[in-house]
Each structure stands twice: as C-alpha cells, then as structure tokens.
Engineer: 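One structure, pasted below without further comment.
Counting starts at 1 for both ligands and their atoms, in listed order. Throughout, residue positions are numbered sequentially from 1 according to the sequence presented. These numbers come from a predicted model, not from an experiment.
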Amino acid sequence: MLKPKGNKFVHDTGSLLAGTPSLLIGENYTTPLNLKEVRDKESKNFLSIYIEKLKVVEPEAKFLRIVKEKSEELGENLSDADVAVLALALQLRATLLSDDYGVLNVASELGIPWKTVRTKGISERRKWVWYCPNCGRTFERHLRECPACGSPLRRRSISFGGPRDR
Ligand SMILES: [Zn+2]
C-alpha cells in the first residue's frame, strides 16, 4: 500500500474511542483535551494499540478563536474539546475524523475536510436548517429568534444530495 505524503488526520474523542487511528495510514493527531477524555473513559484498550503513533498537539490560540467565532455564528454549542479538535484540523490543514454533527457542521463552514467514523454507510450529505416551531418559517442561518413571530428557533438537519452529486 502506498503511503500518501502529507496525509494528516485529526481525531476527535469519538474517533479515538473507536480506534480509528490504528486504521489510517498517515499522520494521526489529536489534542490534549481529547486524549484526556479518552483516558477518562473505560475503553482504554484501543489507545494502547496506537498511542505511540498518535501526535498530541495543542492548537494555537488564533485557530481556537476562529473556531469559537464560527461556532457562535452558527449557533453550535461545542465543548472545549470539540473546539480544540476543529482548531487543530484547521491549523494543520488536516482531515477531521468525527461523528458529531455539530462539529462537522462547523468543519464544513470552515472548509475543513472531514470523514465520519461510526456512521459508516452514510449515503447523504446533510446540513442544518433552523426553523420556527410556531410559524414554520425556515432559515439557513442561526438566529436567536424568529424575525416574524419571536419564537426561539429549533434546528434540524436536511439532506442536500448524496455522494453521486459531487
Ligand atoms: Zn415564527
């Protein structure tokens, strides 16, 4: 198998718990926060398989700031570990491995390439829309409340085409 040059992957906590770094050829990264979350969990067994080839990097402040601003703009409530993993993927221009729709939504908006881990066989791409449960209007962007009736908006994901559309 050929090893692609400069193939970088950043793993979120879910990806680490799933053992994904052991399956990928390339450079595998995560952040100290994500590694700590894995160590706090029961299933540390996978970690012993790939810990030696896992690079643990603290993302730079400017990338953390970019991610925080974008997630606030999108109305995504991300954990510190989520923000860190996105910032590192942005910093390293790496592919992000995550199954978290909130994380993947922010990744898409920032132009970070991503792959899912457990949701194998997913056949459609999805994006978020916000809708008003009161009057039914939908919005492409997060707003604090419905401009028409003032109700708090809710979020749902919609399909916008399968892999064949790419
Ligand atoms: Zn409304």
Engineer: Do Phe9 and Lys115 have side chains that approach each other closer than 4.5 Å (heavy atoms only, starting at C-beta)?
Structural biologist: yes

Engineer: Using a strict 4.0 Å threshold on nitrogen-to-oxygen distance, state whether Glu60 and Arg65 make a salt bridge.
Structural biologist: no

Engineer: Looking at Lys70 and Val106, what are the two nearest heavy atoms and their distance?
Structural biologist: CG-CG1, 4.0 Å

Engineer: Nearest heavy-atom pair of His11 and Thr30: which atoms, and what distance?
Structural biologist: O-OG1, 2.8 Å

Engineer: What distance do Leu86 atom CG and Phe63 atom CZ have between them, rounded to the nearest 0.5 Å?
Structural biologist: 13.0 Å

Engineer: At a cut-off of 2.8 Å, list the protein N/O/S atoms near the Zn ion (ligand 1), residue plus atom name.
Structural biologist: Cys132 SG, Cys135 SG, Cys146 SG, Cys149 SG

Engineer: Quick one: does any side-chain atom of Ser15 pair with a main-chain N or O of Asp12 as donor and acceptor, under 3.5 Å?
Structural biologist: no

